[in-house]
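What follows is a short report on a single structure.
Below, chains carry the letters A, B, ... as their sequence lines are ordered, and counting in each starts from 1.
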Protein chains: 2
Amino acid sequence: MHTVQTPRETLVDRIRQVEFLSLLPSEHLELLARSSMIREGDKGEVLFRQGQVGAQFLWLMEGGLRLTRTQPDGREKVIHLFSSPALVAEAAILLGQPLPATATLTGPSRILHIDRGAVREAVQTHPDLALNLLGSVMLRLRELTRSLANHGQSSGVARVAAYLLGRVDESGALVLPASKKDVASYLGMQPESFSRALAALKQQGLIEVRDQQIQVCDLAALSAVMR
Amino acid sequence: MHTVQTPRETLVDRIRQVEFLSLLPSEHLELLARSSMIREGDKGEVLFRQGQVGAQFLWLMEGGLRLTRTQPDGREKVIHLFSSPALVAEAAILLGQPLPATATLTGPSRILHIDRGAVREAVQTHPDLALNLLGSVMLRLRELTRSLANHGQSSGVARVAAYLLGRVDESGALVLPASKKDVASYLGMQPESFSRALAALKQQGLIEVRDQQIQVCDLAALSAVMR
DNA sequence: CGAAGCTTTGACAACTCTCAAGACTTGTGG
DNA sequence: CCACAAGTCTTGAGAGTTGTCAAAGCTTCG
């Protein structure tokens, strides 16, 4: 992973695109830009590890990453899959707490780093920022509770169906945010089971699969599978 | 569930005990007390339902409750088990978002209700409060990620062992925060499976069980079970 | 071209879920 | 005070699903 030289004004523009920072006045953005940088990395590179304390806010501008956590038995489980644009681990970083998971890039990515202290200062002078931040953490919380509830589902095929339905666009298409192996782990199953689940749905004519691209053909029938 | 008549000064005292509000000046506490009340309820009563928008902060002073979420197949899964004292669903309530789960009392409980608007005002005038709030949400996030990682564990006995080890005090004892049925759901298994897992651990002499009280006899051996 | 990693398919064992029934506790009403 | 109902917990037996192990096809990268 290497740093990309970036002119100050470009940095300000990038920071303005970070959801919860967009409403800051320009002089504040200038201030943040002074301690910011953009870094690039490739698939497999580790952004941070579980237990570390982050010194910088991480804004995933391009690419994707997975959050994993070591289970008691030593294996790793995918907790979350991020696609750009996304703010990663904001709460832990702001509070200076140890990060609850490990972040690994799933493809070529560009990440904007903003100094933790500078953001903290901005938050304290602009109370609205804190509420915005809370909002984005709340989003994460919702997704986690949803994910947790889905894990209770008895059938693996039902979990896959629910997952697909939660990610389709208007035309019924979707792109998996990571390798099938990672998605399988995120759904709490083995890669083989995920493969079999997709095969079963495909054979029933409910979906079509080509690599990470999936087309849902029968929304109603797929919904019925969940029960 | 019924409201308990409470003198103003007592209310102020109670509010002072709410973790993230304790550092507010007395005049602010007085203000909060004006729109606060204490309510009591018994086992089975519903505090709020998934999808509702909460108008009041909820501080569980005494008792316990479970958060459940309806799964795609219609059944309910326990997302979280609270024991007093605890702040419940703070982020969603502060932001006026729909609550992500349903809260049901697991025993006789007393809950302090504080008006959402008053808290919101306090947060905006005291930036530190927002950070404290973020901290308590962060705690919840940590627990959820941990819980999610545990669900990946292949063996049910391993999940139970990990859960018990995460809750023992110095003497190796612990009390289940709810009925075994609820704990089972929280751990992502059927009540029968949970019962069998406990029986297996008991037969190996690793734990002793009497109702909701559990005594761990061999910490090292129990740790070994997780793998 | 070879190595490494992801994906798919097969076969088998192991586990959990489901269904069923009985022991036990608690609260209600006769 | 007892009987009954309702709910929880435990134990048993069978069916079904998933994890595991193994092998082969495929892509990517050096």
Side-chain angles (χ1 to χ4, degrees), chain A residues 42-45 64 66 71 73-78 81 104-108 150-161 176-203 207-214 225-227, chain B residues 42-45 64 66 71 73-78 81 104-108 150-161 175-203 207-214 225 227:
Chain A
D42 265 336
K43 178 177 176 182
E45 294 193 57
R66 65 163 173 265
Q71 297 173 235
D73 66 0
R75 289 179 302 185
E76 295 221 322
K77 159 122 177 54
V78 174
L81 294 169
T104 311
L105 301 183
T106 55
N150 282 339
H151 275 55
Q153 291 268 82
S154 39
S155 162
V157 185
R159 278 208 300 281
V160 173
L176 295 180
S179 69
K180 293 180 182 172
K181 184 188 164 197
D182 285 342
V183 176
S185 173
Y186 176 68
L187 292 174
M189 58 179 84
Q190 303 305 118
E192 294 94 327
S193 297
F194 184 59
S195 179
R196 277 186 250 270
L198 284 182
L201 294 174
K202 191 163 53 179
Q203 201 189 354
I207 62 172
E208 285 168 10
V209 182
R210 195 173 58 196
D211 296 326
Q212 298 194 354
Q213 318 234 343
I214 296 183
V225 171
M226 297 196 311
R227 291 169 218 139
Chain B
D42 264 337
K43 177 177 175 180
E45 294 192 58
R66 65 163 172 265
Q71 298 171 231
D73 66 359
R75 287 180 302 185
E76 296 223 319
K77 160 124 176 53
V78 174
L81 294 169
T104 312
L105 300 183
T106 55
N150 282 338
H151 276 55
Q153 293 268 80
S154 41
S155 162
V157 185
R159 280 208 299 281
V160 172
V175 180
L176 295 179
S179 69
K180 293 180 182 171
K181 185 189 163 198
D182 285 342
V183 176
S185 174
Y186 175 67
L187 291 175
M189 57 179 84
Q190 305 302 322
E192 294 95 324
S193 297
F194 184 60
S195 179
R196 278 185 249 271
L198 283 182
L201 294 174
K202 192 163 54 181
Q203 200 189 355
I207 63 172
E208 286 169 10
V209 183
R210 197 175 54 198
D211 296 326
Q212 299 194 351
Q213 318 233 344
I214 297 184
V225 171
R227 292 169 220 138

Could you tell me whether the side chain of Phe194(B) reaches within less than 4.5 Å of the side chain of Leu198(B), counting heavy atoms only? yes
Can you tell if the side chain of Leu81(B) reaches within under 4.5 Å of the side chain of Arg66(B), non-hydrogen atoms only? yes
If only atom types and distance count, is the side chain of Glu45(B) paired as donor or acceptor with the main-chain N or O of Asp42(B) below 3.5 Å? yes
Anything under 4.0 Å to a heavy atom of chain A counts; send over the first and last such nucleotide of DNA chain D, read 5' to 3'. dT18(D) to dC21(D)
Its contact letters, B for base, S for sugar-phosphate only and - for none at protein heavy atoms under 4.0 Å, make nucleotides 3-19 of chain C read ---SSSBBB----SSBB
If you define the side chain from C-beta out and look only at heavy atoms, does anything of Lys180(A) sit under 4.5 Å from Val209(A)? yes
To the nearest 0.5 Å, what is the distance between NE2 (His151(B)) and CE (Met189(B))? 8.0 Å
Nearest 0.5 Å please: distance from the OH atom of Tyr186(B) over to the CG atom of Leu176(B). 12.5 Å
Taken to the nearest 0.5 Å, the spacing of Ser193(B) OG from Arg159(B) CZ works out to 8.5 Å
